[in-house]
Amino acid sequence: MRIDKFLKVSRILKRRTLSKQACEMGKVIVNGKEVKAGHKIKEGDQVELCFAGGSLKFKILMIKETVKKEEASSLYEIIE
């Protein structure tokens with residue numbers, strides 16, 4: 001799955017357009033490297049999403065094409 005789609009499906013970011021923009025601006029880091037929106041992710045990858053007020057680090061636990069709102073947080077585990 002692409003990182004931009006995962007960020008939307010997991011509801012970390014509300015829209016896929018926002019995910020793409022974050023990648024273009026260099027705010028998405030997977031396993032220590034800046035990635036583009038089309039970067040393929042896998043279970044176990046560590047992702048850091050940088051915001052103006054700080055950052056969010058999480059580990060990908062599961063990859064699913066679609067999930068219900070209540071299950072979205074089960075796709076990742078927040079680190080630190």
Side-chain angles (χ1 to χ4, degrees):
M1 179 182 285
R2 294 167 49 120
I3 185 66
D4 62 334
K5 185 171 182 181
F6 180 82
L7 291 171
K8 184 227 177 249
V9 169
S10 64
R11 290 172 173 77
I12 292 171
L13 294 175
K14 289 190 177 194
R15 295 190 318 268
R16 194 162 175 183
T17 312
L18 289 175
S19 300
K20 284 183 180 182
Q21 288 173 349
C23 290
E24 289 169 5
M25 295 171 67
K27 297 184 181 248
V28 180
I29 300 166
V30 178
N31 297 328
K33 296 181 182 177
E34 264 184 37
V35 296
K36 296 186 178 186
H39 180 80
K40 299 284 184 192
I41 55 159
K42 59 189 179 306
E43 293 175 4
D45 282 350
Q46 291 192 4
V47 181
E48 183 175 359
L49 189 56
C50 303
F51 299 105
S55 66
L56 172 69
K57 293 181 184 180
F58 60 93
K59 181 178 179 180
I60 298 172
L61 300 177
M62 211 178 337
I63 296 176
K64 289 187 176 181
E65 291 294 319
T66 57
V67 291
K68 294 181 180 172
K69 190 163 113 176
E70 300 82 32
E71 299 170 353
S73 63
S74 69
L75 299 178
Y76 60 91
E77 171 185 39
I78 298 198
I79 304 169
E80 294 177 28

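Heavy-atom basis, side chains included; hydrogens, waters and symmetry copies ignored. Keep in mind it's a predicted model, so treat the numbers as computed, not measured.
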Are K27 and E34 within salt-bridge range, i.e. N to O under 4.0 Å?
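Salt bridge flag = no for E34 with K27.
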Residues which pass salt bridge (charged side-chain N to carboxylate O under 4.0 Å, His left out) with [X], listed by chain and number, not counting sequence neighbours:
X   : value
R16 : D4
K20 : none
E70 : none

Measuring from atom [atom1] of [X] to atom [atom2] of [Y], what distance do you get when rounded to the nearest 0.5 angstrom?
X   : Y   : atom1 : atom2 : answer
F58 : I12 : CZ    : CD1   : 3.5 Å
I60 : Y76 : CD1   : OH    : 11.5 Å
K5  : S19 : NZ    : OG    : 12.0 Å
K14 : K8  : NZ    : NZ    : 12.5 Å
I78 : K59 : CD1   : NZ    : 14.0 Å

Is the shortest side-chain heavy-atom distance between [X] and [Y] below 4.5 Å?
X   : Y   : result
M1  : K64 : no
H39 : V30 : yes
I3  : C23 : yes
K57 : Q46 : no
I29 : V35 : no
L7  : L18 : no
F6  : V47 : no
V9  : L75 : yes

Contact summary for C50 and S55, nearest pair of heavy atoms:
CA-CB, 4.1 Å
Work out which heavy atom in V67 is nearest to a heavy atom in A72; give both atom names and the distance.
CG2-CA, 3.9 Å
Assess the residue pair E43 and I63 against the criterion (side chain to side chain contact (heavy atoms under 4.5 Å, CB included)); give the C-alpha distance rounded to whole Å, side-chain angles, the decisive distance to 0.1 Å, and a yes or no.
CA-CA 7 Å; E43 293 175 4; I63 296 176; 4.2 Å; yes
Report yes or no: do M25 and F51 belong to one cluster of Ile/Leu/Val/Met/Phe/Trp/Tyr joined by side chain heavy-atom distances under 4.5 Å?
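Different hydrophobic clusters.
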If hydrophobic clusters are built from ILVMFWY residues whose side chains come within less than 4.5 Å, do M62 and L56 share one?
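Yes, one cluster joins them.
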So with a 6.0 Å cut-off around CZ of R11, is the heavy-atom count from everything else above 12?
yes
